[in-house]
Q: 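Okay, here's the structure, questions in a sec.
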Amino acid sequence: MKLATFNINGIKARIEALPAWLAQAKPDVVCLQEIKSVDEAFPREIFEDMGYRVETHGQKSFNGVAILSKLPLEDVTRGLPGDDTDEQARWIEATVIGERRAIRVCGLYLPNGNPAPGPKYDYKLAWMARMEARVKTLLATEEPLAFCGDYNVIPEPQDAAKPEAWVTDALFLPETRAAFRRIVNLGLTDAFRARDPRPGQYSFWDYQAGAWERNNGIRIDHLLLSAQCADLLREAGIDKAVRGGEKPSDHVPVWVELDA
DNA sequence: ATGACAGCCCTAGGCTGA
């Protein structure tokens, strides 16, 4: 099973680039972030015609997540538990029925949190605490789990071309990294890091100031796997070339191949 | 020091993102 995460920065803006990548990379399952669309406006037929089931959790203008899957999906749920007043669409779960194993896949778009300090940063940290609680709950099921998405967290200095430029940023503040480590330390594996420990592997390059041309990137899109899922890990990669394509997102796809 | 780029929305400048 090839499982990917991709922050597309708007489904309408990526209506050509996303199908082109799907046709070339042929993932079985893709978690999308920042669809920036309500469910009714998501162009699902394009993907259904390519053989994908489409499950969306959208909202108007901002955020929004989705799962595309060529494999059967069960028990789809929307929203991150822990705050009934939270209206931001940032979490979707589904059980993917692989040929050999079923995987509980969680697609997530973790809040950016800038500027920090401030209410947006408070929301980010509270959201991460809710995610930690949800991970704990799911770990108790002992199903293989994959948490895939845009974490808006630079885990280590080696995950940024210019770490010194991020020291006061919500993506790299010590409190952010500590909250990320608390989640990982529940027993999850950063799949890409496990398979490719080299520094300088990025998943995001800003549109501004020639960041792509200068390779001034950061690695903030991650697939965190539970132990039962990490046991199935065969390969991981970042489709960097997508950033150099026609009308690209500022993020690129990150993927794993699982024996499932 | 600031803006730079891109996408979204009650089409046009303001908000958001990272």
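Here is the naming used below: chain letters follow the sequence lines, and residue numbers restart at 1 for every chain.
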Q: Could you measure between the two P atoms, the one in dC10(B) and the one in dC5(B), and give it in whole Å?
A: 26 Å

Q: Using the C1' atom as the point on both nucleotides, what is the distance between dT16(B) and dA4(B), in whole Å?
A: 16 Å

Q: Can you tell me, in whole Å, how much space there is between the P of dT2(B) and that of dG13(B)?
A: 23 Å

Q: For the side chain of Tyr207(A), starting at C-beta, report the closest nucleotide among dA6(B), dA18(B), dC9(B).
A: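 Nearest to the side chain of Tyr207(A) among the choices is dA6(B).
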
Q: List the residues meeting side-chain hydrogen bond (donor to acceptor under 3.5 Å, both in side chains) with Arg243(A), not counting sequence neighbours, and say none if there are none.
A: none

Q: Taking only N and O in the side chain of Asn152(A), is any of them less than 4.0 Å away from OP1 or OP2 of dA18(B)?
A: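 Answer is yes, contact under 4.0 Å.
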
Q: Let me know the distance between CG of Asp250(A) and C1' of dG17(B), rounded to the nearest Å.
A: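 Asp250(A) atom CG is separated from dG17(B) atom C1' by 8 Å.
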
Q: Tell me: CG of Leu32(A) to C1' of dG7(B), nearest whole Å?
A: 16 Å

Q: Does the pair Arg134(A)/Glu93(A) count as a salt bridge with the N-to-O cut at 4.0 Å?
A: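 Salt bridge flag = yes for Glu93(A) with Arg134(A).
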
Q: Indicate, with a heavy-atom threshold strictly under 4.0 Å, whether Asp221(A) touches base, sugar-phosphate, or nothing.
A: nothing

Q: Rounding to an integer number of angstrom, what distance separates dA1(B) and dA6(B) when you compare their P atoms?
A: 26 Å

Q: Starting at atom CZ of Phe62(A), determine the distance to atom P of dC15(B), rounded to an integer number of angstrom.
A: 10 Å

Q: To the nearest angstrom, how far is Gln88(A) atom CD from dG17(B) atom P?
A: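 It works out to 8 Å between those atoms.
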
Q: Verify the contact: side-chain N or O of Lys247(A) to OP1 or OP2 of dG7(B), cut-off strictly under 4.0 Å; return yes or no.
A: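 For Lys247(A), the contact criterion (side-chain N or O under 4.0 Å from OP1 or OP2 of dG7(B)) is met.
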
Q: Atom CG of Leu110(A) to atom P of dT16(B): distance rounded to whole Å?
A: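 In whole Å, dT16(B) P and Leu110(A) CG are 18 Å from each other.
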
Q: Nearest to the side chain of Ser61(A) - dG17(B), dA18(B), dC9(B)?
A: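 Looking only at heavy atoms from C-beta outward on Ser61(A), the closest nucleotide is dC9(B).
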
Q: Taking the nucleotide of DNA chain B with the nearest heavy atom to each, does Lys60(A) or Tyr109(A) sit closer to the 5' end?
A: Lys60(A)

Q: Between Asp39(A) and Arg44(A), does any side-chain N to carboxylate O distance fall below 4.0 Å?
A: no

Q: Expressed as a whole number of Å, how far does the C1' atom of dG14(B) sit from that of dG3(B)?
A: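 Approximately 16 Å lies between the C1' atom of dG14(B) and that of dG3(B).
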
Q: How about His222(A) and Val254(A): do any of their side-chain heavy atoms sit closer than 4.5 Å?
A: no

Q: Please work out which of the three classes, parallel, tilted or perpendicular, describes the rings of Phe47(A) and Phe42(A), given edges at 30° and 60°.
A: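 Tilted.
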
Q: Quick one: Arg14(A) CZ to dC5(B) P, roughly how many Å, whole number?
A: 16 Å

Q: For dC8(B) versus dA12(B), give the span between their C1' atoms, rounded off to a whole number of Å.
A: 12 Å

Q: Just by distance, no angles: are the side chains of Asn9(A) and Lys36(A) close enough, under 3.5 Å, to form a donor-acceptor pair?
A: yes

Q: Phosphate oxygens OP1/OP2 of dA18(B): is one of them under 4.0 Å from a side-chain N or O of Asn112(A)?
A: yes

Q: Could you please name the option among dA18(B), dG7(B), dG17(B) that lies closest to any side-chain atom of Arg90(A)?
A: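 For the Arg90(A) side chain, the nearest candidate turns out to be dG17(B).
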
Q: How long is the line joining CG of Asp169(A) and P of dG17(B), in whole Å?
A: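 Rounded to the whole Å, the gap is 12 Å.
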
Q: Figure out the OH/P separation between Tyr123(A) and dA18(B), and round it to whole Å.
A: 13 Å

Q: Of the nucleotides dC8(B), dA18(B), dG17(B), which one has an atom closest to the side chain of Lys12(A)?
A: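 Given the options dC8(B), dA18(B), dG17(B), the side chain of Lys12(A) is closest to dC8(B).
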
Q: Could you say whether Gln208(A) or Lys120(A) is positioned toward the 5' end of DNA chain B, judged by the nucleotide with the nearest heavy atom to each?
A: Gln208(A)

